[in-house]
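Note sheet for the following structure.
Labels below follow one simple rule: chain letters A, B, ... track the order of the sequence lines, proteins then strands, and each chain is numbered from 1. Basis for what follows: all heavy atoms, side chains included, without hydrogens, waters or symmetry-related copies.
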Amino acid sequence: MPELPEVEVTRRSFALQIEGARILAVTMGKPLRWALGCVPDKLVGSQVQQVRRRGKYLLIDLDRGMLMVHLGMSGSLRFASDLPALGVHDHFDMRTDRGTLRLHDPRRFGAVIATSGENDPVARKLLDGLGMEPLDASHFRWEAFHAGLQASRSPIKPLLLSGKLVVGVGNIYASEVLFASRIAPTAAANSISTLKAKRLYQSIREILALAVERGGTTLRDFSSADGMPGHFQLQAQVYGRNGLPCMRCGNAIALLRQGQRSTYYCPHCQKT
DNA sequence: CGTGGCTCCTGTTAGC
DNA sequence: TGCTAACAGGAGCCAC
């Protein structure tokens, strides 16, 4: 479900409240994608220092160790002091003296992993090799992005989704940024003109930033940790609009399958 | 190494 | 209305 904007909106919705909190108890539900990596009781007594994000991972720094949280396809976090009883899809529940952090994840593609810190082998394995942070101007450099495109013959849509060049662009935003920059999703990355590559670079920055500003996209059930839904779907130009008229030229939006994922695009506006 | 296919799991929706 | 199949916002792993 969540792409970078939803993860960032989630982070902002509870980071300040949970900082300094002391962990009182941890309860696990059904198993998630990976085991927690330690007995839940081991977390008790630790203090939350800050909540960061790398790609679609939330990194919760503790005075001893680091919790990594991934929302997968259907995950969402809540942080509140008055949460209802655990539901069948609540699989991680961390009670603190400031409130309870709870992961709700019906499909269980998400993860909560306890590591010793950023240099923990498990953390390294998941974080090493991630691409540039699109909302970090000093990290997301045009020169590096352009060089990355030039170095790949992969179709641009799956390359964006892979996170190897730039992180956080998921299935919705991949379609949206390619439409905005008028690039065919099937175009080989190294065949994209410098002009279009520049538009793509700008679109990634602008569209993701706008989505964060708007509170993320809620297609089904996304909400941030304070329970607020997103509003960005009102802005979607192509995603989910198969057969409907293109907002730019009026021709029908087409649907394409790339690597088992749906891609929406305008065949008229997005050539090569 | 880069690339593509499969897989995990549950819920919702489209089609008959 | 009920059944079934397809599909859903991710990404690690394996085989080429």
Side-chain angles (χ1 to χ4, degrees), chain A residues 1-10 29-35 37 53-58 68-77 87-92 103-113 121-131 147-178 185-191 207-208 211-212 214-224 229-236 238-243 255-264:
Chain A
M1 157 219 279
E3 302 181 34
L4 185 146
E6 292 72 44
V7 177
E8 177 60 18
V9 166
T10 295
K30 290 187 194 171
L32 291 162
R33 184 173 179 128
W34 292 285
R53 180 187 55 75
R54 177 73 177 101
K56 295 170 191 165
Y57 287 97
L58 286 171
M68 299 179 66
V69 178
H70 198 292
L71 302 178
M73 284 280 251
S74 58
S76 60
L77 285 176
V88 283
H89 296 311
D90 297 327
H91 307 302
F92 176 82
L103 174 67
H104 176 87
D105 186 5
R107 290 179 74 180
R108 287 190 281 139
F109 290 171
V112 181
I113 308 156
V122 175
R124 292 296 288 269
K125 185 176 179 184
L126 296 170
L127 298 177
D128 284 0
L130 290 185
L149 292 181
Q150 293 295 313
S152 174
R153 291 177 303 178
S154 167
I156 185 62
K157 159 68 160 34
L159 177 64
L160 289 177
L161 271 191
S162 77
K164 285 177 195 162
L165 186 52
V166 55
V167 293
V169 180
N171 210 37
I172 296 178
Y173 297 108
S175 284
E176 294 299 319
V177 297
L178 288 172
T186 51
N190 65 355
S191 75
I207 291 178
L208 292 183
V212 170
R214 296 283 165 83
T217 297
T218 300
L219 279 192
R220 273 197 176 76
D221 49 11
F222 170 73
S223 65
S224 49
H231 305 289
F232 192 72
Q233 74 277 20
L234 301 174
Q235 308 284 313
V238 285
Y239 187 86
R241 300 193 68 248
N242 185 26
L255 171 59
L256 177 71
R257 287 236 133 217
Q258 291 178 291
Q260 288 83 243
R261 310 300 300 278
S262 294
T263 302
Y264 298 87

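Stems are defined here as 3 or more consecutive Watson-Crick or G-U wobble pairs with pairing distances under 3.5 Å; those involving DNA chain B are B:2-8 with C:10-16, B:10-16 with C:2-8.
When the C1' atom of C:dG9 is taken as reference, atom CD of A:Glu3 falls 5 Å away, rounded to whole Å. Atom CG of A:Asp128 is separated from atom P of B:dC1 by 14 Å (rounded to the nearest Å). Remark: P of C:dG10 and OH of A:Tyr173 are 10 Å apart, rounded to the nearest angstrom. Atom CG in A:Leu32 sits roughly 12 Å away from atom P in B:dC9 (whole-Å rounding). Whole-Å rounding puts the A:Leu159 CG to B:dG4 C1' distance at 14 Å. C:dG10 atom P lies 12 Å from atom CG of A:Leu160, rounded to whole Å. Between the CD atom of A:Gln260 and the C1' atom of C:dC7 there is a distance of 12 Å, given to the nearest Å. C:dG10 atom P lies 6 Å from atom CG of A:Asn171, rounded to whole Å.
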Using atom names, set out every protein N or O paired with an N or O of nucleotides 4-6 of chain C below 3.5 Å, distance rounded to 0.1 Å.
none

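When the side-chain nitrogen and oxygen atoms of A:His91 are compared with OP1 and OP2 of B:dC9, none of them lie within a distance under 4.0 Å. Side-chain nitrogen and oxygen atoms of A:Ser262 include at least one within less than 4.0 Å of the OP1 or OP2 phosphate oxygen of C:dA8. Phosphate contact (OP1/OP2 of B:dT3, side-chain N/O of A:Lys164, threshold under 4.0 Å): absent.
The side chain of A:Arg257 has C:dC7 as its nearest neighbour among B:dT10, C:dC7, C:dG10. When the nucleotides C:dA8, B:dC9, C:dG9 are ranked by their closest atom to the side chain of A:Arg108, B:dC9 comes out on top.
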Quiz item: What string of B, S and - do you get for nucleotides 11-16 of chain C, 5' to 3', when a contact is any protein heavy atom under 4.0 Å?
Solution: BSS---

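Evaluation of the ring pair (Phe, Tyr, Trp, His ring centres under 6.0 Å) rule for A:Tyr57 yields A:His70 as partners, not counting sequence neighbours. Looking at residues two or more places apart in sequence or on another chain, you find a side chain to side chain donor-acceptor pair (under 3.5 Å) between A:Arg124 and A:Asn119, A:Asp128. Every residue was checked against the salt bridge (charged side-chain N to carboxylate O under 4.0 Å, His left out) condition with A:Arg261, not counting sequence neighbours, and none meets it. When the side chain to side chain donor-acceptor pair (under 3.5 Å) test is applied to A:Thr10, no partner is found at least two apart in sequence or on another chain. By the salt bridge (charged side-chain N to carboxylate O under 4.0 Å, His left out) test, A:Arg54 pairs with A:Glu133, sequence neighbours left out. Residues passing the side chain to side chain contact (heavy atoms under 4.5 Å, CB included) test with A:Ala35: none are found, sequence neighbours excluded. When the side chain to side chain donor-acceptor pair (under 3.5 Å) test is applied to A:Ser262, the partners found at least two apart in sequence or on another chain are A:Arg257. The ring pair (Phe, Tyr, Trp, His ring centres under 6.0 Å) test applied to A:Phe92 returns no partner, not counting sequence neighbours. For the side chain to side chain contact (heavy atoms under 4.5 Å, CB included) test, residues two or more places apart in sequence or in another chain that qualify with A:Gln150 are A:His146.
One N or O on the side chain of A:Gln258 and one on the backbone of A:Pro185 form a donor-acceptor pair closer than 3.5 Å.
When the P atom is compared between C:dG9 and B:dT3, the two are found 22 Å apart, to the nearest whole Å. The P atoms of B:dC9 and C:dC3 are separated by 24 Å, rounded to the nearest whole Å.
The two residues A:Arg33 and A:Phe109 come nearest to each other via the heavy atoms CD-O, 3.6 Å. The two residues A:Tyr173 and A:Ala211 make their nearest non-hydrogen contact at OH-CB, 3.3 Å. Heavy-atom minimum distance, A:Val169 versus A:Glu3: C-OE1, 4.0 Å.
A:Ser152 comes within contact range of the sugar-phosphate backbone alone, with a heavy-atom separation under 4.0 Å but no base atom that close.
Taking only distance into account, the side chain of A:Arg107 meets the base of B:dC9 through a donor-acceptor pair shorter than 3.5 Å.
Here A:Phe109 does not lie in a stacked arrangement on the base of B:dC9, lacking the combination of planes under 30° and ring centres under 5.5 Å apart.
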